[in-house]
There are 4 protein chains.
Amino acid sequence: MDTGTPAAADTAKQPRTERGRRTLRKLLDAAAVEFGERGFHEASISGITARAGTALGSFYTYFESKEAIFQALVRDMSEAVKVAAREALAEPAPALERERAALTAFLRFAAEHKEVYRIIDEAEFVDPESYRQHYETTGARILDRLREGARKGELRADLEEAHAWAIMGMNVFLGLRYAVWGEGDLPAEHVAAIAGDLLAKGIAADR
Amino acid sequence: MDTGTPAAADTAKQPRTERGRRTLRKLLDAAAVEFGERGFHEASISGITARAGTALGSFYTYFESKEAIFQALVRDMSEAVKVAAREALAEPAPALERERAALTAFLRFAAEHKEVYRIIDEAEFVDPESYRQHYETTGARILDRLREGARKGELRADLEEAHAWAIMGMNVFLGLRYAVWGEGDLPAEHVAAIAGDLLAKGIAADR
Amino acid sequence: MDTGTPAAADTAKQPRTERGRRTLRKLLDAAAVEFGERGFHEASISGITARAGTALGSFYTYFESKEAIFQALVRDMSEAVKVAAREALAEPAPALERERAALTAFLRFAAEHKEVYRIIDEAEFVDPESYRQHYETTGARILDRLREGARKGELRADLEEAHAWAIMGMNVFLGLRYAVWGEGDLPAEHVAAIAGDLLAKGIAADR
Amino acid sequence: MDTGTPAAADTAKQPRTERGRRTLRKLLDAAAVEFGERGFHEASISGITARAGTALGSFYTYFESKEAIFQALVRDMSEAVKVAAREALAEPAPALERERAALTAFLRFAAEHKEVYRIIDEAEFVDPESYRQHYETTGARILDRLREGARKGELRADLEEAHAWAIMGMNVFLGLRYAVWGEGDLPAEHVAAIAGDLLAKGIAADR
DNA sequence: AATGAATGAGTTTTCATTCAT
DNA sequence: GATGAATGAAAACTCATTCAT
């Protein structure tokens, strides 16, 4: 996970020296592991600093509270998820193709960073604002792509926000089931193909 | 929320007297409110007993721990969600119609019982086993319906578990967005119509 | 020190059982010693409960915070000081005689309860409201006596609040110097005689 | 408040450069404000350096500890109070007149420097030695004046230390009530006149 | 001298759970 | 069964002081 990024910068106190910058990064990395493994409430500041190899007090040089570093982390990860998707969408492709590629990328990312899933999900209870922001931004991004597809005549013209949320929910739950819980029983491509197919034709029997 | 049901009975100690039965029910109702409002970790046993109007110590006459009552509640609610869906599906109808009706019912239920959403979701962190069970059961139920539809020739023959999870994710996120967060901006029927339409035809432009 | 009195009752949570009543009293007594010996900031809750022989957590059954028990104590002691004075004034006597008796009683009380001095004084910083209340009440009581003396023609008719505060300040500083700091170098009666004499005639040379 | 004076010099490390001298003074001024506003325990070194506009670490270039700067300040202020009194007593005058003038000066000083009151008073708990020294010195000074008055036949011949402390207590409490707490309800002259009158004739009714 | 990051001991506070009545 | 007091482990957080640059 790329921490110490601008997203984290918003919530953390900014170090003025190189040494400080290193400490901040160590704390964020350690927190990702601690929160990912133990969850927000089981996680402890001392657990974080122990992993980071800093003194307990150093934590408070950069963060006001456990909530604060959690928020920094959630925003960091939200950003990381977006970046992963963006890379998968770098190449131009037909709209449905793009959705499939986005889902494939997401499933792979989720499988590799299961802690991200846990942390973002837990934000619903620990930092609802960030949670909401994450999904609203993601939903908006999907909707943009749908509209772009509609503009090009590849998708229906009547797509709206609810379609974007439906797709997002689909993706998230497939990620939960096959990337996070699944032990590789269904490969990402296969899952993405099914979802892509559903989007392409629906599930009704061919007439 | 109908508490004190058989589902809760599994985890709670069984009262022998009528008075005990009343106390147990009061505790479960109070817990639903307390957990719904404050979340698992902010909630306190004394908060529950205060709402229930019982002594703090009485809690342990019926539940072994905070986790135990939470679990009882989650299973109760999981059951209640299923019941709500089952009622909506009492009438026979074409498969796609049934999915739409199920979603409508779910959206209405979620709007009326927002705390259910919160409690079931938080189970991911507090009682993962129940959480998983809830979604696996729900997913299995959807898959059953899809297969039934396929058998009747209304749905495609190649539908599998992933389709069920895709639909479930769609439903859950539409519920989050429009029933829990939404202030009634989109009515349940409209949202369900969009989702139903997506299932029927996909989102590709008509050829 | 008589603790567990109505004064303390205002700030402490009221126990409903006899056992609770005993615990509350033990805590207040222990706090008087702890605060008296170590001062508010050096004192610790665990020091109080250790002296009281209760578990750390029991403290919070009765008090919300260190400040809360301190306040309870200050009010208790303020009350105790008044009671000591009242007893000394039980007998009717000429006005100047009464002031002297009050000071004697105060000096004796202060010598025996040096911690009271410290605790009330520290309230200036820890609980200014109680501190102010203590001195305003005490001042008002002195003023009452002065007016009573004036009514009886024993004291001048033009006495006002400032006279009461002047007398109170005199008393308090004599207490500090001779009862608290002094190692009995000047006996209470002697000090009180000097002050009484000052009040009677002033310090000017006889004409 | 005049800080950076010889009194402070005793406890602070001596700066060698002009720049150092300026920093030291800034720290003392800032500390007076910080301690005055927040009290010793609420005050923080970082609060002091922030107000002084210096780095946190620079504090320790000049003071060994929080207590050390507090002590420097108390002695500074004790000195300042004396200086204010001395100025008021520059002119020769009858003994009772001088006491009245001293009180007037003190009341004015206290009204203008309420933080002095707080800081010196808090020394009772933070730096008892300085506190005691302050009042013993002040008491001794008053006693000197009383003896001088007695020598000149203006005051009684039997005045002793206790009289000085009685007068000091009177003054301090009148200062607390009318200069520090009072919103100018009674002007300094009026209060001083009452106290002067008390000293002159006592409070007994004229025979 | 100045800077600001690092340190860690020490304390308050919470609250699930147990227990005596 | 019900009551409510007692328990104590566990953690977050503060901040004076030290140290590296």
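Numbers restart at 1 for each chain; the letters A, B, ... are given by sequence-line order, proteins then strands.
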Check your understanding: Of the nucleotides dT17(F), dT7(E), dA5(F), which one has an atom closest to the side chain of Arg16(C)?
Key -> dA5(F)
Check your understanding: With nearest nucleotides of DNA chain F determined for Ser46(D) and Ile45(A) from heavy-atom distances, which residue corresponds to the more 5′ nucleotide?
Key -> Ile45(A)
Revision key, fill the gap. Here the distance between atom P of dT14(E) and atom CZ of Phe63(C), to the nearest Å, is 15 Å
Review point. Sub-3.5 Å donor-acceptor pair from the side chain of Glu34(B) to the main-chain atoms of Ser44(B), do we have one?
Key: yes
**Study point:** Atom-to-atom span, CG of Leu27(D) to P of dA1(E) - whole angstrom
**Key:** 13 Å
Revision key, fill the gap. In Watson-Crick or G-U wobble terms, with both distances under 3.5 Å, the base opposite dG10(E) is dC13(F)
Exercise for review: Specify the separation, in whole Å, of atom NZ of Lys13(A) and atom P of dA6(E).
Suggested key: 12 Å
Practice item. Check whether any side-chain nitrogen or oxygen of Tyr62(C) sits under 4.0 Å from OP1 or OP2 of dA5(F), and answer yes or no. Key: no
Review point. Between dG4(F) atom C1' and Gln14(C) atom CD, what is the distance in whole Å?
Key: 15 Å
Review point. Would you call the rings of Phe40(D) and Phe70(D) parallel, tilted or perpendicular if under 30° counts as parallel and over 60° as perpendicular?
Key: perpendicular
Exercise for review: Using modelled atom types only, decide if a donor and an acceptor are shared between the side chain of Glu115(C) and the backbone of Glu37(C) within a distance under 3.5 Å.
Suggested key: no
Study note, to complete from the structure: To the nearest angstrom, the CD-C1' distance between Glu18(A) and dA6(E) comes to 16 Å
Check your understanding: In terms of the nearest nucleotide of DNA chain E, which residue is placed more toward the 5' end: His41(C) or Gly53(A)?
Key -> Gly53(A)
Check your understanding: Roughly, in whole Å, what's the span from CD1 in Ile69(C) to P in dT12(E)?
Key -> 12 Å
**Study point:** N/O (side chain, Ser58(B)) to phosphate O (OP1/OP2, dG1(F)) under 4.0 Å
**Key:** no
Practice item. Ignoring backbone atoms, test whether Thr54(D) places a side-chain nitrogen or oxygen under 4.0 Å from the OP1 or OP2 oxygen of dA2(E). Key: no
Practice item. Tell me whether the OP1 or OP2 atom of dA2(F) has a side-chain N or O from Thr23(B) closer than 4.0 Å. Key: yes
Practice item. Flag yes if more than 12 heavy atoms outside Arg21(C) fall under 6.0 Å of its CZ atom; otherwise flag no. Key: yes
Exercise for review: With the side chain counted from C-beta on, respond yes when Tyr62(A) and Leu28(A) share a heavy-atom pair under 4.5 Å apart, and no when they do not.
Suggested key: no
Collect all protein-nucleotide pairs involving nucleotides 18-21 of chain F in which both atoms are nitrogen or oxygen and the distance is under 3.5 Å.
none

Point to revise | Between P of dC15(E) and CD of Glu67(B), the distance in whole Å | key: 14 Å
Review point. Given that both distances must come in under 3.5 Å, which nucleotide forms a Watson-Crick or G-U wobble pair with dT21(E)?
Key: dA2(F)
Check your understanding: Is atom CD of Glu67(A) surrounded by more than 12 heavy atoms (other residues, nucleotides or ligands) closer than 6.0 Å?
Key -> yes
Review point. Which nucleotide in the list dG1(F), dG8(F), dT17(F) gets nearest to the side chain of Thr61(B)?
Key: dG1(F)
Point to revise | Phe59(C) CZ to dC15(E) C1', straight-line distance once rounded to whole Å | key: 16 Å
**Study point:** From CA spacing to verdict: side-chain contact (heavy atoms from CB on, under 4.5 Å), Lys13(C), Tyr60(C)
**Key:** CA-CA 9 Å; Lys13(C) 241 166 277 161; Tyr60(C) 292 91; over 6 Å; no
Exercise for review: Hey, could you give me the CZ/CG distance between Arg75(B) and Asp127(B), rounded to the nearest 0.5 Å?
Suggested key: 6.0 Å
Exercise for review: With the side chain of Lys66(A) defined as its heavy atoms from C-beta on, choose the nearest nucleotide among dC13(F), dA6(F), dA6(E).
Suggested key: dC13(F)
